[in-house]
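Quick notes on the structure that follows.
To find a chain, count down the sequence lines: A is the first, B the second, and so on, and within it residues start at 1. We use all heavy atoms of the structure for the numbers below, so side chains are in, but hydrogens, waters and symmetry mates are not.
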There are 2 protein chains.
Amino acid sequence: MKDVAALAKVGLSTVSRVVNGDNRVSDAKTAAVLQAIRELGFRRNDSARQLRVGATQSIGLVIENVIDPFFSHLTHAVENYSLERNTLLLSASSTRDPERTRRLVLEFCARRVDGLIVTPADTEETGYLQAEMDAGTPMVFVDRPPRGIEADTVLTGDRSGAARGVAHLIRHGHRRIACVTDRGQLHTAAQRLAGYRDALDAAAIRYDPELVYSATPSVENFRTPVARMLALDNPPTAVFTGNNRSTVAILRVMAGWDTRPALVGFDDFELADALHPGVTVVAQHPAEMGRAAAEQLFRRIGGDTGPPRHTILGTTLIPRGSGEIPPSRK
Amino acid sequence: MKDVAALAKVGLSTVSRVVNGDNRVSDAKTAAVLQAIRELGFRRNDSARQLRVGATQSIGLVIENVIDPFFSHLTHAVENYSLERNTLLLSASSTRDPERTRRLVLEFCARRVDGLIVTPADTEETGYLQAEMDAGTPMVFVDRPPRGIEADTVLTGDRSGAARGVAHLIRHGHRRIACVTDRGQLHTAAQRLAGYRDALDAAAIRYDPELVYSATPSVENFRTPVARMLALDNPPTAVFTGNNRSTVAILRVMAGWDTRPALVGFDDFELADALHPGVTVVAQHPAEMGRAAAEQLFRRIGGDTGPPRHTILGTTLIPRGSGEIPPSRK
DNA sequence: TTCAAATATGAAAACGTTACCAAACACAAG
DNA sequence: CTTGTGTTTGGTAACGTTTTCATATTTGAA
């Protein structure tokens, strides 16, 4: 910029004005500056600008993992929203590692992002989050609330959604319904399990712990426990799964079985409709969640200092066949 | 930092030294500084630091769309690699919009990212890319080469991979094989179509343009053309699809059909194995591509000025059933 | 003691911008 | 011919760091 000023034989301020489209600069000088800029191939250094101006025009997004379609849809929505706001997105996957989460959040804050959208790792020690918020970085939490912190959240109606899914199975005649979820420490898993129990209670069905299994979803983790469940004297005739990873894992476990229990999964996934039978799901709306979180964050960045706002997004039950299978004859 | 220096009654430089772990500062002062830092809740402003030091410790990633699993896997690999290098990732989806791509690249460069990994939009005017590279931002292109620019690329062996997929169908007795791909302008689509022809040629099968259809993949776009193809006098007994979006769309189109042609898809996707029959694919390795691209980019950032390097990653044929269906009886 | 070498320290310049301020100039009105 | 008002201008001080350099201060022989 100095060079441009020199070449165009004008003051530094004039160059700055031209670059910023300030119109009160004579046509002659504007032309000279533009010429010099072209000649030198000058491009303004935005990070220097931001240092001076005090806003980085960037926000951070810490999710669990981009490769999970739930989070990639959420990410895309945040991306779009912030792009409209001329803000760039620093994003990263925590991969459920609390240490990595912490590191990412801290690094984002050190770079002075204008705000942060975070899916907190479940086991997390959250003190540092509070500290960074106090230091002035607005944060909104998405999918899961942070432990012991009062802050903006955008969550799915996990409990009621799960209850609706299970009620759907009950409505189709099931009384023995298994529940397979992600690790119990996970807030969403716990909520959905609670919803499962709500539905049972509402139908006066006894809760049977033998029908419940929680673990990090994978075919290996689920195979034996699920097989064991279905070999019980009084086996479940239906299964409710607590998230898309669990649903997919269960589908793999049951691949090739001749007779399958009814299935309702929490969270939709691609090709759920193309399977046989199609998989009935309680769909979340990740894109809407992302957008809602971004909206709230920008509200905060814009200076809103109102009380924490908790947004809960509803779910949509999508019957596709697997949830409408009746209980097999005794 | 100034405040810390004042409170600790030391010079600015001393604070800086302590913050950076420079060991040649007395224990007494170190303690005082640390104390002041704690008291004031000071955190270094990394973007200011970077302005001074001259490297932003961040790279940009412009992909087509995060919600495409191919790209989300790629993204995750880049994320991991750059995190190891203590570098943050600015990422964004171009959504195939050349104008958006351009804007993103330019904005990343304006922020002086240390480097850029780009999936160029297919119809793109690429002059600005060259300009930014000349201005000193290293770039590596992934999945597709940029039009008319000599630069590092990391691509899949599209042509040979497609040929292998089609050869697989031929080996199972098919002679009438349809090819359904993404828009022809798309580099990868064109390459894969070429691979399809290679395989036909190798088997001395006449290329029949009636069996080829290209369009942006969607159920609506594919339904009629595919139905028409299969209603030909001499219909295809097998279909080769050019990418995961196309494969999924075709699966939806054919959902519920009583008799289905054999199918081999380019690019793997979740649940391909859980369908009936499982979908045979020529799998790409998006994570490896991401990693390779990141490696090459960091090599450049590290100062490597060697000639452009072109990495081509192989594909893996995964037979799952759909590709092994024999031609239906005449 | 004395001197050289090593070590600790702080002042000030730099990184590339923007923003404030005052100076210079033009022009119209009195 | 003043005076006032408005427009362009450039100088300079920030923004929050790091780094260079020169100046203490200490240390360890001689």
Inset, instruction - Could you pick out which residue, A:Ala48 or B:Asp27, lies toward the 5' side of DNA chain C when each is mapped onto its nearest nucleotide? - result: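 That would be B:Asp27.
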Legend entry - Earlier contact from the 5' end, DNA chain C, for A:Leu12 and B:Ser13: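 Its nearest nucleotide being more 5', the pick is B:Ser13.
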Establish, from distance only, whether the side-chain atoms of [X] and [Y] form a donor-acceptor pair under 3.5 Å.
X        : Y        : result
A:Asn65  : A:Arg96  : no
B:Glu79  : A:Ser93  : yes
B:Thr188 : B:Asp158 : no
A:Ser91  : B:Ser91  : yes
A:Thr137 : A:Glu132 : no

Expressed as a whole number of angstroms, how long is the span from [X]:[atom1] to [N]:[atom2]?
X       : N      : atom1 : atom2 : value
A:Leu51 : C:dA14 : CG    : C1'   : 13 Å
A:Asn23 : D:dT8  : CG    : P     : 8 Å
B:Asp22 : C:dT9  : CG    : C1'   : 12 Å
B:Gln50 : D:dT19 : CD    : C1'   : 17 Å
B:Ile37 : D:dT17 : CD1   : C1'   : 13 Å
B:Leu40 : D:dG16 : CG    : P     : 13 Å
A:Asp3  : C:dT17 : CG    : C1'   : 14 Å

Legend entry - 5' precedence on DNA chain D between A:Arg24 and A:Arg112 (nearest-nucleotide basis):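 Per heavy-atom nearest nucleotide, the more 5' residue is A:Arg24.
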Inset, instruction - Ignoring the backbone of A:Arg52, work out which of C:dG10, C:dT17, C:dA14 is nearest its side chain. - result: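 Among the listed nucleotides, the one closest to the side chain of A:Arg52 is C:dT17.
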Inset, instruction - Return the nearest nucleotide to the side chain of B:Asn20; candidates are D:dT18, C:dG10, C:dT17. - result: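 Selected nucleotide: D:dT18.
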Inset, instruction - Can you pull out how bent the helix from C:dT1-D:dA30 to C:dG30-D:dC1 is, comparing the axes over its first five and last five pairs, to 10°? - result: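 Roughly 60° between the end axes, to the nearest 10°.
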Inset, instruction - Apply the test side-chain hydrogen bond (donor to acceptor under 3.5 Å, both in side chains) to residues A:Asp46 and A:Gln50: give CA-CA distance (whole Å), side-chain angles for both, the deciding distance (0.1 Å), then the verdict. - result: CA-CA 6 Å; A:Asp46 265 342; A:Gln50 288 149 8; 4.8 Å; no
If you look at every strand shown and take non-hydrogen atoms under 4.0 Å, does [X] touch a base, only sugar-phosphate, or nothing?
X       : value
B:Ser16 : base
A:Arg17 : base
A:Val10 : sugar-phosphate

Is the distance from OP1 or OP2 of [N] to the nearest side-chain N or O of [X] less than 4.0 Å?
X       : N      : result
B:Arg44 : D:dT17 : no
B:Lys2  : D:dT17 : no
A:Thr14 : D:dG10 : yes
A:Ser26 : D:dT8  : no
A:Lys29 : D:dG10 : yes
A:Ser47 : C:dT17 : no

Legend entry - Pairing of A:Arg103 and A:Glu99 as salt bridge, 4.0 angstrom limit: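 Salt bridge between A:Arg103 and A:Glu99, a charged N being under 4.0 Å from a carboxylate O: no.
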Legend entry - Ion pair check, A:Arg291 and A:Glu84, cut-off under 4.0 Å: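 Salt bridge: yes.
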